[in-house]
Amino acid sequence: MIQTPFFARRPSGLTLLISVFLSLALFACGDDDGDGNITGTDAATLTVNPTQLNFEQVAIGDSIAELIVIENTGAATLTVNNFQIQGENASAFSLAEGSPSSLSLAPNELAEIYVEYAPSAIAASSGVLNMSSNDPDRESFNVELRADAPSPQIFTPEIVTFARTPEGSEEWRVTEIANIGYAPLEIDSIELDGHPDFSITFPQPTGEEEEGQFPDRANDTTVAPELIQPGESIMVRVIFLPTSSEFRTAEITIESNDAASPRTKVLISANSDAPCLEVDEEINFGQASIDNIARRTVTVTNCSAIAELVIGGIEFEDDAGVFDVAESSLPGNISTGGVANIGPRQSANFVLTYAPLEEVLNEGVLKITSNDAARQYTYVDVVGQGSLLTCPNARARARVQGTSRWFDASEGIVASPLATIELDGSLSDDPDGTQVTYEWSLRDKPLSAQTQISPSITSETPTLWLPYAGRYVVELTVYDGAGLTSCEPAELFIDVVPGGDIWVELAWDTASGARTDMDLHYLNLENASQWNSSPWDVYYANRSPSWNDGSEISLDRDDLCCGGPENVNHNEAVAGDYAVGVYFFSGGGGGTDVTVNIYLGGSLAQTLTRRMNARPEFWYVADISIPEFMVTVYDELLPDGYPSL
């Protein structure tokens, strides 16, 4: 019989039982030596998050810290120690001050370690944070550390613009070149290319000027700086000395060590006067009656003196479900997907509605899309408060001062230039029986009309002076004793129409607090030998001459300071030619925009605008021929005063 070796024999029952007990003991006690190395299944487990740190850029001398979370996801105590940052390019990394030299974490316990990055040179950094642990699978573990080299970043406005500037009159703008990066910006060159009417210099700060303002040019230099430190900037003065009123362009090219933009351009334009949009920042309906629709008229104005404003959309971005735009009121073709074109210094109106559903404060945001050079989207806050009370009724009427007939909102009113309108809101009432208060507003007027409702927009019976021909729109809103607003404002439309054959208006822009005197001249070319002389030139010293031809001629108003109006009217004009001119009598301060309107037979025949700078400039505007009722435009600016005939 063949004998089987002992280790190959089937064990007896006792032997098998002893073997099982020994196995269980070994499983339960896996660290007999006490060295922290788990040899059984109750081991510690090292979990690190993240396993790679990518540091953002910071300037040399600054620092940034990133977090590492170390967690024990095992069943035994985790020991982590021997933290070391290693690598040839790792000198910029370090453990944050106060970091522990070792960790002992119970199961499910975690700890936070911060690594700092503080570059001392313009170079990329990389390395590892190495740690040791008693996790049998991760006795040594690395967290990768990376940081790109600090780099410069150039920033400058994309465009510098000048409004229309008269020939020979110098204007300047200061623009900025900044380093928003984290390393020195090395400037290789700053060059100006384009029309020779432009030039550049570099202001040198003295510490006494206001921020961004460098009025004293004595410290300017023509030498461009070579270095801009992080967080710092330099100024460039762009000077414009036009040789004509035509459109001008140029560009500044900046070459630097910004790797993302080694060649940066700044565009310069002048005599273009980009379109700009003006509108109230907030439309407040106040309290409005629930189950009624309140209305507010909104006015948008093109604040450019030259360029056309194009509005492509008017809509609510956030309307709370109660605000809306009355499509039928939208200017131009906006309601059908088109646009509205608003000329220089002109305005357009549209209507917003508010239909509150409950007694809560409602808020919305209106978005206006346009070609405004500074902002494509203009946002207007719209607010209103719902009320269970009944809204009051706004009722307005008006009459020409000195007359007896009143016109209500359903009727149009016709008046002559320089008339005064009396307004009356006394017929307004509140169904709830409280006393109403008033708020008048001038929603539309001719471009040059510097007029306002007086003595107060809250008066029950204010007045409005009508200095120029054109349409005026007055709106009345009333409030009851609880502050509830009228659901519908009352609107009055006033058309100012000049009478007679020829009506010439003069207006000019005047800065707040400034005094500029312009003089309107109207010359009988058939008889005159020179301008500024009686009796054939009608002006401030010859206001109502007799030409002995059966016509009536007068300068009705001479304004000495404040933007006009001045006007000449000529009735029963006989056949012949007449000339219109404007003289810069006094003032200055950078020039002023002057506008002349010529009406023939009550209709606007010509509007011209010129920038005039200082005495003794004379603007030869146009000739008027009778009986053809024809305007011949000259539009010539003469720097030496009155032209010879």
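Here the structure is a predicted model, which means the values were calculated and not measured.
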#### Entry: Verdict with reasoning, Val436 to Tyr438, per side-chain contact (heavy atoms from CB on, under 4.5 Å)
CA-CA 7 Å; Val436 299; Tyr438 309 92; 3.9 Å; yes
Smallest separation among heavy atoms of [X] and [Y], with atom names:
X	Y	answer
Pro356	Ala288	CG-O, 3.6 Å
Asp501	Phe629	O-CE2, 3.9 Å
Tyr472	Leu464	CD2-CD2, 4.4 Å
Trp465	Pro565	CH2-CD, 3.5 Å
Pro417	Trp503	CB-CZ2, 3.2 Å
Glu411	Arg405	OE2-NH2, 3.1 Å

Going by heavy atoms in the side chains, are [X] and [Y] under 4.5 Å from each other?
X	Y	value
Ile252	Ile268	yes
Met518	Phe584	yes
Thr461	Glu422	no
Tyr578	Val538	no
Phe323	Leu352	no
Leu366	Ile314	yes
Val594	Leu506	yes
Leu427	Asn393	no

Short side-chain to backbone donor-acceptor contact, [X] and [Y], under 3.5 Å:
X	Y	result
Asp424	Ser426	yes
Ser441	Arg443	no
Tyr354	Gly386	yes
Ser289	Leu389	yes
Asp372	Leu277	yes
Ser428	Arg395	yes
Asn371	Val310	yes
Glu617	Met612	no
Thr420	Gln401	no
Asp319	Gly321	yes

Notebook entry, point to check: When you look at Thr434 and Asp432, which way does the side chain to side chain donor-acceptor pair (under 3.5 Å) test go after all the steps?
Noted result: CA-CA 6 Å; Thr434 66; Asp432 297 320; over 6 Å; no
(request) Take Tyr599 and Val497 through the side-chain contact (heavy atoms from CB on, under 4.5 Å) test and state the conclusion after the steps. (result) CA-CA 9 Å; Tyr599 289 82; Val497 181; over 6 Å; no
Report the distance from atom [atom1] of [X] to atom [atom2] of [Y], rounding to the nearest 0.5 Å.
X	Y	atom1	atom2	value
Asp559	Asn567	CG	CG	11.5 Å
Tyr539	Leu520	OH	CG	13.0 Å
Asp381	Asp280	CG	CG	11.5 Å
Arg471	Lys445	CZ	NZ	15.5 Å
Arg397	Leu423	CZ	CG	11.0 Å
Leu357	Asn362	CG	CG	7.5 Å

If you count heavy atoms of other groups shown closer than 6.0 angstrom to [atom1] of [X], is the number above 12?
X	atom1	value
Glu56	CD	no
Ile239	CD1	yes
Gln452	CD	no
Asp408	CG	yes
Glu572	CD	no

Margin query: I'd like to know if the side chain of Tyr522 pairs up with that of His570 as donor and acceptor (distance under 3.5 Å, no hydrogens or angles considered).
Written below: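 Judged by distance alone, the side chains do pair up.
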Using distance alone, with no hydrogens and no angle criterion, decide if Thr477 and Ser486 have a side-chain donor and acceptor under 3.5 Å apart.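 The answer is no; no qualifying pair exists.
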Item to complete: Take Tyr468 and Val496 through the test side-chain contact (heavy atoms from CB on, under 4.5 Å) and record every step on the way to the result.
Response: CA-CA 7 Å; Tyr468 293 97; Val496 178; over 6 Å; no
**OP:** If the plane angle is over 60° it's perpendicular, under 30° parallel, otherwise tilted; pick one for Tyr540 and Phe585.
**Re:**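 Rings of Tyr540 and Phe585: perpendicular, as their planes differ by over 60°.
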query: Any idea how Phe618 and His521 line up, ring-wise: parallel (<30°), tilted (30 to 60°), or perpendicular (>60°)?
result: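 Perpendicular: the ring planes of Phe618 and His521 meet at over 60°.
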Notebook entry, point to check: What do the steps show when you test Val400 against Phe407 for side-chain contact (heavy atoms from CB on, under 4.5 Å), and what is the final call?
Noted result: CA-CA 9 Å; Val400 178; Phe407 296 85; 5.8 Å; no
key: With Arg296, the side chain to side chain donor-acceptor pair (under 3.5 Å) member among Asn284, Thr353, Thr485   =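 So the option named by the test is Thr485.
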| Stepwise salt bridge (Lys or Arg N to Asp or Glu O under 4.0 Å) check, Glu491 with Arg295 | CA-CA 12 Å; Glu491 286 185 322; Arg295 297 164 61 88; over 6 Å; no
Under 4.0 Å between a side-chain nitrogen and a carboxylate oxygen: does that hold for Arg610 and Asp635?
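Yes, this pair counts.
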